[in-house]
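The structure under discussion appears below in the form of C-alpha cells.
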There are 2 protein chains.
Amino acid sequence: MNTTIYDVAREAGVSMATVSRVVNGNPNVKPATRKKVLDAIEGLGYRPNAVARGLASKKTTTVGVIIPDISSIFFAELARGIEDIATMYKYNIILCNSDQNKEKEIHLINTMLEKQVDGILFMGGEITEEHAETFKRSPVPIVLAATLDADKEMPSVNINYHQAAFDAVSDLINAGVKRVGMVTGPLEDPVNGYQKFSGYKKACEEKGQGFDENLVAVGDYTYHSGLEGAQKLVGLDDSPTAIFAATDEMALGVIHGLQDIGLKVPEDVQVIGFDNTRLAQMVRPTLTTVVQPMYDIGAVSMRLLTKYMNKEDVEDEVVALPHLMEYRDSTTF
Amino acid sequence: MNTTIYDVAREAGVSMATVSRVVNGNPNVKPATRKKVLDAIEGLGYRPNAVARGLASKKTTTVGVIIPDISSIFFAELARGIEDIATMYKYNIILCNSDQNKEKEIHLINTMLEKQVDGILFMGGEITEEHAETFKRSPVPIVLAATLDADKEMPSVNINYHQAAFDAVSDLINAGVKRVGMVTGPLEDPVNGYQKFSGYKKACEEKGQGFDENLVAVGDYTYHSGLEGAQKLVGLDDSPTAIFAATDEMALGVIHGLQDIGLKVPEDVQVIGFDNTRLAQMVRPTLTTVVQPMYDIGAVSMRLLTKYMNKEDVEDEVVALPHLMEYRDSTTF
DNA sequence: TTGAAAGCGCTAACAG
DNA sequence: CTGTTAGCGCTTTCAA
C-alpha cells in the first residue's frame with residue numbers, strides 16, 4: 001500500500017486537513033506545524049495522489065492535445081511550443097495523433113473528456129459540422145491551433161495564410177517573373193490547400209500574369225509529391241520560371257526535382273516554400289520561405305487555453321500572428 | 001452537474017453496480033437489462049468519469065513518456081511508434097520534454113507517478129546513479145527506448161550502436177578509403193557519443209588506418225555543427241576522404257559544409273549518416289546511412305511496457321533490434 | 001443475474 | 001490556525 005495523506009497526518013500528529021493545506025501551500029498553517037508535516041512527508045516518502053485530488057477538486061491539471069501527426073516536422077515544432085507553455089503553467093499534456101481522420105478526432109475528444117482534461121488544444125484539417133457540434137458540447141474550453149474554423153466562432157491561433165501566400169507570390173511577380181507555378185496541398189485542406197491556393201490565385205490575377213490552372217500541381221505535403229509536382233510543371237510547353245510550394249517539405253522536393261533534370265535554382269527556376277521549418281536551411285540552395293512561427297502558434301494557443309481554463313477575460317478569441325518572408329538563396333531577390 | 005452512473009441507474013431502474021457491469025462489458029448481465037442500461041446511457045448522454053474509475057480501480061490506462069525533445073525529427077518518429085501501439089492497447093500518453101536535463105527528468109518521473117500512470121517509457125541520455133535509484137523506487141514498470149543503461153538491468157529497446165558504427169566505417173575502409181573522419185555527438189552521450197565513436201575507433205584500429213584523434217570532430221547533433229565539423233576536418237593537412245556522422249542531421253551539415261567549399265560528394269569525400277530519418281532522402285546526393293528503425297523502437301518498447309503492465313511473462317528484457325545499411329549516393333559503393 | 005455497501009485518497013466547506 | 005465531516009464517481013467484494 002502506498003502511503004496516504006492519512007498516514008502523514010497520523011505521523012505528524014495533525015489532521016489530514018492540515019496535511020492537505022501544507023501540500024497545497026495554503027498559508028493558514030503555523031510554521032511549526034508546517035514543519036512537522038513536511039518532516040513526516042519526507043520521512044514517509046509521501047507522494048500525493050493526483051487522481052484522488054482530481055476527483056475531489058474536479059481539476060486534473062491535464063490538457064488534451066489532438067495533433068494530426070507528431071512525426072511531421074511542422075507539428076512536432078508546434079507541439080514543443082504547446083508543451084513548454086503547458087509546463088510553465090503546471091499542466092501536463094495528453095497527446096494523441098488523429099491523422100486528420102474525422103472519426104478518430106471525434107473519438108479522441110470524447111476519450112479526453114472522459115479523462116476529465118481541463119481543456120483541449122485541437123489541430124486538424126477541416127472543421128466539419130460534426131466537429132462544431134462536438135466542440136459546442138464540450139464542458140471544457142477548446143482552442144484551435146494552426147487550424148481554420150470557417151465561422152470563426154471558435155478560439156483559435158493562426159497566421160493569415162491567404163495573405164501570406166499572396167505576399168510570397170507577389171514578391172515573385174514584382175521581381176519580374178512572368179509565370180509562377182504552384183505546388184499546393186489537397187484543396188480540401190482549408191489551410192495548406194484552399195487558403196494558400198487562393199492567395200496564389202489572387203496574386204496571379206491582380207498582378208498581371210493571370211490565373212492558369214495548368215500551372216498548379218496538387219501534392220500531399222510529402223517531399224516526393226513536391227518532386228513530382230516540379231517535374232510536371234516544368235514539362236509544360238510554357239513552363240513556369242518560379243514555383244511556390246505550400247510547405248517547405250514539398251519545396252525541397254521541388255528544388256531537387258528541378259535539379260534532378262538539370263535545371264538550376266534559382267537561375268532557371270526560383271522556388272519559395274512555406275513554414276520556415278528547419279528544413280529550409282538544410283538544402284542547397286537554401287530556401288526562401290514564408291515564416292510561419294510554429295513554436296509561437298503552439299505557445300500562444302496554449303496560453304490562450306490557460307486563460308479560458310482559469311476563466312480569465314480574453315480580449316482576442318481569434319488571434320492572427322504576423323507572418324513574414326525569409327529571403328535565402330532559392331530566389332534571386 | 002454531469003450525469004453520473006447513479007443517474008443512469010435510476011433512469012434504467014437498476015443499481016449502479018449493474019450499470020458499472022455493462023459499461024465494463026461484464027458478461028453477467030441479462031441482455032434485456034443490458035439494453036435498458038444502454039438506452040439510459042444513450043438517452044442521458046452519459047460519459048464515464050475516468051478519474052473516478054482510476055481512483056477506485058487503481059488503473060489509469062495512461063502511460064508517461066519522457067522524451068528529450070519532441071521537435072527533433074528522430075524522437076518525433078519514435079514517439080509516433082509509441083503512440084500508435086499505446087492506442088492499440090487502449091492507453092493514452094502523457095508526453096513531456098526533458099531536454100536531457102537530469103533534474104527535469106527526475107522531476108517528471110515523480111510528476112507522472114503522482115498522476116498514477118500505469119507505466120513509464122523513458123528516453124534520455126545518460127542513466128546516472130540517481131536515475132537508477134529513482135527507477136528502482138518506481139511502483140510501476142519503466143522501459144527505456146533508444147537509451148542505454150550501462151548495467152543492462154533495466155528493460156530497454158535499442159540497436160547495437162557500437163556494432164552499427166563499426167559496420168559503417170568498415171564498409172568505407174573496405175571500399176578503399178584510407179582516411180575516415182568522424183563527426184560525433186558529445187562523448188558523454190552513451191549512444192550518439194560514446195558507442196558510435198567507439199565503433200568508429202575500433203574499425204579504424206582493426207582495419208588498418210589506425211586511430212587519429214585529429215580526425216574526430218565533436219558536434220551537438222545539429223545541422224550546423226555538422227557543417228562546422230566538416231570544414232574543420234577538411235582543413236587538416238592530411239584530410240579525410242570520407243566522413244561518418246553520428247546522426248543524419250549532422251550528416252546533412254557535413255555534405256553541405258563540403259559542398260560549400262567546393263568539394264564534391266562522393267567524388268572527393270564520401271559521407272555516411274546514422275538513423276535513416278526522412279532527411280536522408282531530402283538531400284543531394286542522397287545520403288547513405290545506417291538504418292535505425294525509430295518507429296519500431298518506439299513500437300516495440302511500448303509493447304514491452306504493456307506486457308509489464310499486464311504482468312505478462314517477458315522473455316527478453318533487453319531487446320536489440322537489427323540495424324542495416326541503406327546505400328545511396330553519398331558513397332561510391 | 002443483481003443489489004448493497006464499503007472504500008479509493010483527497011478537497012472543501014464549516015465549526016471552533 | 002486546526003479538526004470534522006461530507007462527498008467526488010466509480011469498482012469491487014459479498015450476499016442474496
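Keep in mind that this is a model prediction, so the values were computed, not measured. Here is how names work: the chains are called A, B, and so on, in the same order as the sequence lines, proteins then strands, and each is numbered from 1.
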Considering just the side-chain nitrogens and oxygens of [X], establish if one lies under 4.0 Å of OP1 or OP2 belonging to [N].
X	N	answer
A/S15	D/dG3	yes
B/K59	D/dT11	no
B/Y6	D/dT11	no
A/T18	D/dG3	yes

Kindly state which residues belonging to [range] come within less than 4.0 angstrom of DNA chain D, counting heavy atoms of the residue only, listed by number.
range	value
residues 20-44 of chain B	B/S20, B/N24
residues 109-119 of chain B	none
residues 7-14 of chain B	none

Using residues 45-53 of chain A as the side-chain source, report each donor-acceptor pair under 3.5 Å to any protein atom, sequence neighbours left out, with the distance given to one decimal.
| unit_1 | atom_1 | unit_2 | atom_2 | d |
| --- | --- | --- | --- | --- |
| A/R47 | NH2 | B/N110 | OD1 | 3.2 |
| A/N49 | OD1 | A/V51 | N | 2.7 |
| A/N49 | OD1 | A/A52 | N | 3.0 |

For B/T87, all residues meeting side-chain hydrogen bond (donor to acceptor under 3.5 Å, both in side chains), sequence neighbours excluded: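 Listed in chain order: B/E83.
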Salt bridge (Lys or Arg N to Asp or Glu O under 4.0 Å) involving A/D189 - partner list, sequence neighbours excluded: none
B/K58 side chain to B/Q116 backbone, donor-acceptor under 3.5 Å: no
Has the side chain of A/N101 got a donor or acceptor atom that lies under 3.5 Å from a matching backbone atom of A/S98?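 No; judged by distance alone, with no hydrogens or angles, the pair does not exist.
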Quick check on the helix from C/dT1-D/dA16 to C/dG16-D/dC1: what's the angle between its two end axes, five base pairs per end, to the nearest 10°? 30°
Between side-chain atoms of residues 24-31 of chain B and protein atoms elsewhere (two or more places apart, or another chain), which donor-acceptor pairs fall under 3.5 Å?
| unit_1 | atom_1 | unit_2 | atom_2 | d |
| --- | --- | --- | --- | --- |
| B/N24 | ND2 | B/S20 | O | 2.8 |
| B/N24 | ND2 | B/S20 | OG | 3.3 |
| B/N26 | OD1 | B/N28 | N | 2.8 |

Could you please name the option among D/dC8, C/dC10, C/dC8 that lies closest to any side-chain atom of B/L55?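 Looking only at side-chain atoms, B/L55 lies closest to C/dC8.
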Please collect all side-chain hydrogen bond (donor to acceptor under 3.5 Å, both in side chains) contacts where either partner lies in residues 145-159 of chain B, sequence neighbours excluded, each pair once. B/N158-B/Y161
Taking N or O atoms only and anything under 3.5 Å, show me the protein contacts with nucleotides 5-7 of chain D, one pair per line.
none

Sequence neighbours left out, what pairs pass salt bridge (charged side-chain N to carboxylate O under 4.0 Å, His left out) with at least one residue falling in residues 65-81 of chain B? A/D69-B/R80, A/R80-B/D69, A/D99-B/R80, B/R80-B/D84
Please list, chain by chain and in numerical order, all residues satisfying side-chain contact (heavy atoms from CB on, under 4.5 Å) with A/L38, sequence neighbours excluded. A/V22, A/R34, A/I41
